[in-house]
Amino acid sequence: MPNGKPAGVRCIHLTETNDCKLFGHPDRPQFCIDLHPEIDMCGDNRTYALNYLSSLEELTKD
Ligand code: SF4
């Protein structure tokens, strides 16, 4: 995604099972490398994590 990933748009590097195709690859964006999951972000279930990420995307969209 040469112009960055717009908020609310699925990353083209996600696999069908929501893994990162670039994990461990030198082309993985620095932002993704620097993002370290925390319990506040992930909670203890997928729904919590997706809601949290959605709120971040809403707050940072243009
Ligand atoms: S970690 Fe980054 S490159 Fe990988 S799928 Fe997520 S947004 Fe895309």
Side-chain angles (χ1 to χ4, degrees):
M1 306 183 91
N3 297 317
K5 187 191 85 54
V9 174
R10 183 177 169 85
C11 180
I12 62 171
H13 302 299
L14 274 174
T15 68
E16 295 276 327
T17 54
N18 295 322
D19 297 315
C20 176
K21 289 184 221 170
L22 297 182
F23 193 85
H25 190 279
D27 289 344
R28 191 172 186 224
Q30 191 63 45
F31 176 85
C32 302
I33 294 168
D34 291 342
L35 180 66
H36 299 286
E38 303 272 345
I39 192 68
D40 288 349
M41 178 188 305
C42 300
D44 62 2
N45 63 75
R46 176 178 167 77
T47 300
Y48 176 95
L50 288 175
N51 286 338
Y52 187 93
L53 288 173
S54 294
S55 69
L56 289 180
E57 292 215 320
E58 184 65 29
L59 290 169
T60 59
K61 73 180 182 183
D62 293 331

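What's counted below: heavy atoms across the whole structure, side chains too, no hydrogens, waters or symmetry copies. Atoms within a ligand are numbered from 1 in the order they appear, just like the ligands themselves.
Nearest heavy-atom pair, E57 versus A7, reported as atom, atom and distance to 0.1 Å: O-CB, 3.5 Å. N18 approaches R46 most closely through the heavy-atom pair ND2-NH2, 3.5 Å. Taking every heavy atom of both residues into account, D34 and H36 meet most closely at O-CD2, 3.0 Å. Between K21 and T15 the shortest heavy-atom distance is CG-CG2, 3.4 Å.
Distance CG/L56 to CE/M41: 7.0 Å, rounded to 0.5 Å.
At least one N, O or S atom of C32, from either the backbone or the side chain, sits less than 2.8 Å from atom 2 (Fe) of ligand 1. Atom 8 (Fe) of ligand 1 has an N, O or S atom of C11 inside 2.8 Å of it.
Interface atoms of ligand 1 facing P29, defined by a heavy-atom separation under 4.0 Å, are 3 (S).
Distance remark: protein heavy atom present below 4.0 angstrom from atom 3 (S) of ligand 1.
Across Q30, H13, R28, heavy-atom proximity to atom 1 (S) of ligand 1 is greatest for R28.
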